[in-house]
Q: 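If you scroll down you'll find the structure; I have some questions about it.
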Amino acid sequence: MSATKKSRNDEKLKPVRPSGKTDDTIFDLIYAIARQIPRGRVTSYGAIAKAIGSGKSARIVGWAMSNAGRVKPKIPAHRVVNSMGLLSGKHAFKTITYMQELLEREGVKVKNDKVMDFKTKFWNPLEELF
DNA sequence: GAGATGACTTGCA
DNA sequence: ATGCAAGCCATCT
């Protein structure tokens with residue numbers, strides 16, 4: 001039967017972990033939020049964690065973001081920084097400067113791997129989505 | 001199944 | 001204010 005023939009494209013719509021598993025749940029939620037980050041805005045892992053209802057699972061958010069690069073559609077992971085506005089995940093990009101380039105391209109000034117006016121450009125999923 | 005790791009956050013000294 | 005430790009959840013070895 002060709003039932004086993006699944007579209008590889010469909011599988012790519014799900015996060016691909018190093019193990020090759022795709023049966024995720026919170027990952028999808030995280031990506032759903034991350035994709036809704038407005039251009040030129042940034043948010044923190046903790047904020048997304050709260051938005052998905054895990055509050056303290058900020059680590060999982062960051063971990064999920066590491067997979068974001070292999071997930072389709074692509075996730076604007078460069079808009080996600082830590083609570084201090086630091087580009088903690090820049091090293092996950094092709095180049096450690098690529099994340100900063102993307103942010104500056106969107107109008108977000110970055111200095112010393114830190115988002116300038118972070119408090120102003122901060123996008124709270126709980127408030128904006130609510 | 002246990003131990004260690006991680007793009008984090010918060011609290012206390 | 002700077003620095004260290006604990007907590008947190010999912011994944012990896």
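Proteins come first, then strands; the chains are lettered A, B, ... in the order of their sequence lines, and each starts at number 1.
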Q: Going by heavy atoms closer than 4.0 Å, what residues in residues 94-120 of chain A are next to DNA chain B?
A: none
Q: What does the list of N/O pairs under 3.5 Å between the protein and nucleotides 11-13 of chain B look like, with a distance for each?
A:
none

Q: From CD1 of A:Ile30 over to P of B:dG6, roughly how many Å is that when rounded to an integer?
A: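 It is 18 Å, rounded to the nearest whole Å.
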Q: Could you go through A:Ile26 and A:Tyr31, starting from their C-alpha distance and side-chain angles, then the distance that decides it, and tell me whether this counts as side-chain contact (heavy atoms from CB on, under 4.5 Å)?
A: CA-CA 9 Å; A:Ile26 76 167; A:Tyr31 298 142; over 6 Å; no
Q: Are the side chains of A:Leu87 and A:Val81 in contact, using a 4.5 Å heavy-atom criterion?
A: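 The answer is yes, as the side chains (C-beta and beyond) meet within the 4.5 Å cut-off.
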Q: If every non-hydrogen atom of A:Tyr45 is compared with every non-hydrogen atom of A:Asn82, which pair is closest and at what distance?
A: CE1-N, 3.3 Å
Q: Roughly how many Å is it from CZ in A:Phe122 to C1' in B:dT9, rounded to a whole number?
A: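 The distance from CZ of A:Phe122 to C1' of B:dT9 comes to 12 Å, rounded to the nearest Å.
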Q: A:Tyr45 has an atom OH; how far is it from atom P of B:dA7, in whole Å?
A: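 These atoms are roughly 9 Å apart.
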Q: Which residues pass the ring pair (Phe, Tyr, Trp, His ring centres under 6.0 Å) test with A:Phe118, not counting sequence neighbours?
A: A:Phe122
Q: If you define the side chain from C-beta out and look only at heavy atoms, does anything of A:Ile37 sit under 4.5 Å from A:Val80?
A: yes
Q: So, does A:Ser66 get its side chain near the phosphate of B:dA7, meaning an N or O under 4.0 Å from OP1 or OP2?
A: no
Q: Between B:dA7 atom P and A:Met84 atom CE, what is the distance in whole Å?
A: 14 Å
Q: Just how far, in rounded Å, is C1' of B:dT9 from CD1 of A:Ile52?
A: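 Distance check: A:Ile52 CD1 to B:dT9 C1' gives 14 Å.
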Q: Tell me every residue that passes side chain to side chain donor-acceptor pair (under 3.5 Å) with A:Thr97, counting only those two or more places apart in sequence or in another chain.
A: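 Expected list: A:Thr95.
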Q: Quick one: what's the B/S/- string for nucleotides 3-10 of chain C, heavy-atom cutoff under 4.0 Å, read 5' to 3'?
A: ----BBBS
Q: Using a heavy-atom cut-off of under 4.0 Å over every strand shown, decide if A:Ala77 touches base, sugar-phosphate, or nothing.
A: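 A:Ala77: base contact, heavy atoms under 4.0 Å.
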Q: When you measure from the side chain of A:Asp117 to the backbone of A:Lys121, do you find a donor-acceptor pair of N or O atoms at a distance under 3.5 Å?
A: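 Checking the backbone N and O of A:Lys121 against the side chain of A:Asp117, no donor-acceptor pair under 3.5 Å is found.
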Q: Does anything in residues 92-109 of chain A pair up under salt bridge (charged side-chain N to carboxylate O under 4.0 Å, His left out), and if so which pairs, sequence neighbours excluded?
A: A:Arg79-A:Glu106
Q: Applying side chain to side chain donor-acceptor pair (under 3.5 Å), name anything that partners A:Lys90, two or more places apart in sequence or on another chain.
A: A:Asp113
Q: Specify the closest pair of heavy atoms between A:Ala77 and A:Met65, including all atoms of both residues, with the distance to one decimal.
A: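 Closest pair (atom of A:Ala77, atom of A:Met65, distance): CB-SD, 4.0 Å.
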Q: Considering non-hydrogen atoms only, spot the tightest contact between A:His91 and A:Ile96 and give its length.
A: CA-CG2, 3.8 Å
